[in-house]
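This one's a predicted model, so the numbers in the text were calculated from it and none came from an experiment. The analysis underlying the following values was restricted to heavy atoms, covering all of them including side chains, and did not include hydrogens, waters or symmetry mates. Residue numbers count from 1 along this sequence. For ligands, and for the atoms within them, numbers begin at 1 and follow the listed sequence.
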Amino acid sequence: MWVCGHSERVAITFALVHTAAGMPIRITKNIRISADCHSWVKIVSMVTGRVIVLRDTNRFHHFKGGACTCKDYW
Ligand SMILES: [Zn+2]
Ligand SMILES: [Zn+2]
């Protein structure tokens with residue numbers, strides 16, 4: 001499901017596999033995250049119970065329990 005050409009999904013999936021359960025995940029993107037991936041990361045944060053911090057060119061996104069601190073405005 002993450003094979004879509006969006007590198008942030010690959011990076012987050014990799015981090016999920018290679019970090020201990022409960023560890024927050026930090027990802028840095030040098031381009032703006034797509035709306036599609038933003039929704040995907042929210043679902044991942046809900047399903048896995050992980051905190052995911054994603055920094056893109058404009059701001060930080062702090063995903064937790066299926067929500068993002070940017071309130072879907074970025
Ligand atoms: Zn994307
Ligand atoms: Zn966000």
Report the angle formed at the Zn ion (ligand 1) by atom SG of C37 and atom OG of S34, rounding to the nearest 10°.
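Taking the Zn ion (ligand 1) as the apex, I get 100° for this pair.
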
Does K29 have any side chain to side chain donor-acceptor pair (under 3.5 Å) partners at least two apart in sequence or in another chain, and if so, which?
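In terms of side chain to side chain donor-acceptor pair (under 3.5 Å), with neighbours along the sequence ignored, K29 is linked to S7, E8.
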
Provide the atom name of the closest N, O or S atom of E8 relative to the Zn ion (ligand 1).
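E8's closest N, O or S atom to the Zn ion (ligand 1) is named OE2.
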
Identify the two heavy atoms, one from S45 and one from G65, that lie closest to each other, and give their separation to 0.1 Å.
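Looking at all heavy atoms of both residues, the shortest contact is OG-N, 3.7 Å.
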
Under the 3.5 angstrom rule, does the side chain of T69 hit a backbone N or O of H62 as a donor-acceptor pair?
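Yes, the answer is positive, given that a donor and an acceptor are paired below the 3.5 Å cut-off.
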
Is the distance from the Zn ion (ligand 1) to some N, O or S atom of S7 under 2.8 Å?
no

State, to the nearest 10 degrees, the angle whose vertex is the Zn ion (ligand 2) and whose arms point to NE2 of H38 and ND1 of H61.
120°

Between side-chain atoms of residues 18-27 and protein atoms elsewhere (two or more places apart, or another chain), which donor-acceptor pairs fall under 3.5 Å?
unit_1, atom_1, unit_2, atom_2, d
T19, OG1, A15, O, 2.7
T19, OG1, R50, NH1, 2.8

